[in-house]
Peer 1: 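Let me give you the structure first, and then I'll get to my questions.
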Amino acid sequence: MDRTRTARRAALTVAGAELLHLAPAAVRLPPVRRTLARRTAGYGDAPRHVALTFDDGPDRRSTPYVLDALDGLGVRATFFLLGTMLERAPELGRELVARGHEVAVHGWCHRPQWYPAPARDLRELRRATAAVTELCAARPSWYRPPYGVLAAGPALAARRLGLRTVLWTAWGRDWTDDATGASVYATARPGLSGGATLLLHDSDCTSAPDSWRATLAALPLIAAHCRTHGLTLGPLRDHAVPPRTGRTG
């Protein structure tokens, strides 16, 4: 009987720890996005500004095309970089900054963070933040967790490193194998309003092969929509959400 009770207590302890670990992920739920965690969810204060963000790069196969398209549109964006991808293409990290874009942290590698591992979370996020800072020669202000799953460990690690966590309020589902420029735009369009944060991808490293081409085709449509509706498309730094300052150790 005592063994059974002990086993049950241990199971409840583990389950409780996992629930606490995943509790911040609730910011993905629409009601929570609209109320308790507006800034974390990606809602900005600027009434006519839409933050354009890209995840999963930099990628030598695709990021240069995205950069050229943004130059042609006169648009700047925020790029959430993976440490593993940045190590493979450090010159692209510097080019992002040279072209006027904002660099941010997406983690060291793109994997779900379902189970508590606070020491690992801090170690990997610190490594990714250092890589972005050193290889891009720019100090990042933002963090976005892979898959948008903001678990407690990464959330606390980001705060300790002085990073403000931000997710998104609109996306284009540009990672699927059937995505097209038209489909990405149609999916994103309902969420393109003042204060929105749009999620797109400049790499297919975790998506369907060549899915970035659909993103590329959608960019002129998204930019035209914003112009028509009097919206400014730009990076998170112009979203009127001041970056959090915190410890850097």
Side-chain angles (χ1 to χ4, degrees), residues 24-57 66-67 69-81 96-97 99-106 138 140-145 147-148 150 155 158 163-175 179-202 214-245:
V27 295
R28 296 185 70 186
L29 301 175
V32 180
R33 281 178 179 271
R34 290 191 293 266
T35 56
L36 298 180
R38 285 184 58 84
R39 291 187 174 183
T40 300
Y43 291 101
D45 299 328
R48 308 303 298 173
H49 184 262
V50 174
L52 176 61
T53 69
F54 293 89
D55 284 8
D56 294 358
V66 172
L67 292 178
L70 293 175
D71 275 353
L73 295 168
V75 171
R76 298 295 173 260
T78 300
F79 287 79
F80 285 86
L81 309 180
L96 285 167
V97 175
R99 293 206 194 190
H101 300 287
E102 183 178 33
V103 289
V105 181
H106 197 33
S141 298
W142 311 98
Y143 167 64
R144 175 177 289 159
Y147 302 105
L150 179 57
L163 299 172
R164 178 178 289 279
T165 300
V166 63
L167 301 181
W168 60 86
T169 64
W171 62 14
R173 291 188 61 83
D174 57 342
W175 61 86
T180 64
S183 75
V184 171
Y185 169 59
T187 302
R189 182 176 56 201
L192 296 180
S193 57
T197 294
L198 175 61
L199 165 67
L200 297 174
H201 297 79
D202 63 307
T215 307
L216 194 67
L219 287 176
L221 303 176
I222 292 168
H225 173 93
C226 289
R227 285 195 301 271
T228 299
H229 291 82
L231 300 170
T232 300
L233 196 59
L236 278 165
R237 64 182 173 228
D238 297 336
H239 219 18
V241 179
R244 186 189 302 276
T245 57

Peer 1: If the test is side-chain contact (heavy atoms from CB on, under 4.5 Å), which one of Leu70, Leu96, Thr78 qualifies with Phe54?
Peer 2: Leu70
Peer 1: For a quick test of reading the model, state the closest non-hydrogen atom pair linking Ala104 to Pro140 and the distance between them.
Peer 2: CA-CB, 4.0 Å
Peer 1: Kindly compute the distance separating CZ (Arg48) from OG (Ser193), expressed to the nearest 0.5 Å.
Peer 2: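 Here the rounded value is 9.0 Å.
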Peer 1: Could you tell me the separation between the OG1 atom of Thr187 and the CG atom of Leu198, rounded to the nearest 0.5 Å?
Peer 2: 10.5 Å
Peer 1: Could you go step by step and tell me if Asp55 and Arg144 meet the side-chain contact (heavy atoms from CB on, under 4.5 Å) rule?
Peer 2: CA-CA 9 Å; Asp55 284 8; Arg144 175 177 289 159; 2.9 Å; yes
Peer 1: Could you tell me whether the side chain of Arg164 and the main chain of Trp142 form a donor-acceptor pair under 3.5 Å?
Peer 2: no
Peer 1: How close do Ala179 and Val184 get, heavy atom to heavy atom, and via which atoms?
Peer 2: CB-CG2, 4.2 Å
Peer 1: What heavy-atom pair brings Leu216 and Pro220 nearest, and what distance separates the two atoms?
Peer 2: O-CD, 3.4 Å
Peer 1: Would the distance check show the side chain of Thr169 and the main-chain N or O of Thr197 forming a donor-acceptor pair, the cut-off being under 3.5 Å?
Peer 2: yes
Peer 1: Does the side chain of Asp202 reach to within under 4.5 Å of the side chain of Thr215, using non-hydrogen atoms?
Peer 2: no
Peer 1: Given Phe80, which of His106, Glu102, His201 fulfils the side-chain contact (heavy atoms from CB on, under 4.5 Å) condition?
Peer 2: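 Only match with Phe80 under side-chain contact (heavy atoms from CB on, under 4.5 Å): His106.
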Peer 1: Specify the closest pair of heavy atoms between Gly181 and Ala218, including all atoms of both residues, with the distance to one decimal.
Peer 2: O-CB, 3.5 Å
Peer 1: Are the side chain of His239 and the backbone N or O of Gly234 linked by a donor-acceptor pair below 3.5 Å?
Peer 2: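 No; judged by distance alone, with no hydrogens or angles, the pair does not exist.
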Peer 1: Report the relative orientation of the aromatic rings in Phe79 and His101; use parallel for angles under 30°, tilted for 30 to 60°, perpendicular for over 60°.
Peer 2: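 Phe79 vs His101 ring planes: perpendicular.
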Peer 1: Run the side-chain contact (heavy atoms from CB on, under 4.5 Å) check on Ile222 and Val50 step by step: do they pass?
Peer 2: CA-CA 10 Å; Ile222 292 168; Val50 174; over 6 Å; no
Peer 1: What pair of heavy atoms forms the shortest contact from Pro145 to Leu167, and how long is it?
Peer 2: CD-CD2, 3.6 Å
Peer 1: I need the Asp174 CG to Leu199 CG distance, nearest 0.5 Å.
Peer 2: 6.5 Å
Peer 1: Using a 4.5 Å cut-off on heavy atoms from C-beta on, say whether the side chain of Leu73 contacts that of Leu233.
Peer 2: no
Peer 1: Give me each pair satisfying salt bridge (Lys or Arg N to Asp or Glu O under 4.0 Å) with a member in residues 72-81, each pair once, sequence neighbours excluded.
Peer 2: Asp71-Arg76
Peer 1: Any chance you could measure Tyr143, atom OH, to Leu150, atom CG, to the nearest 0.5 Å?
Peer 2: 7.0 Å
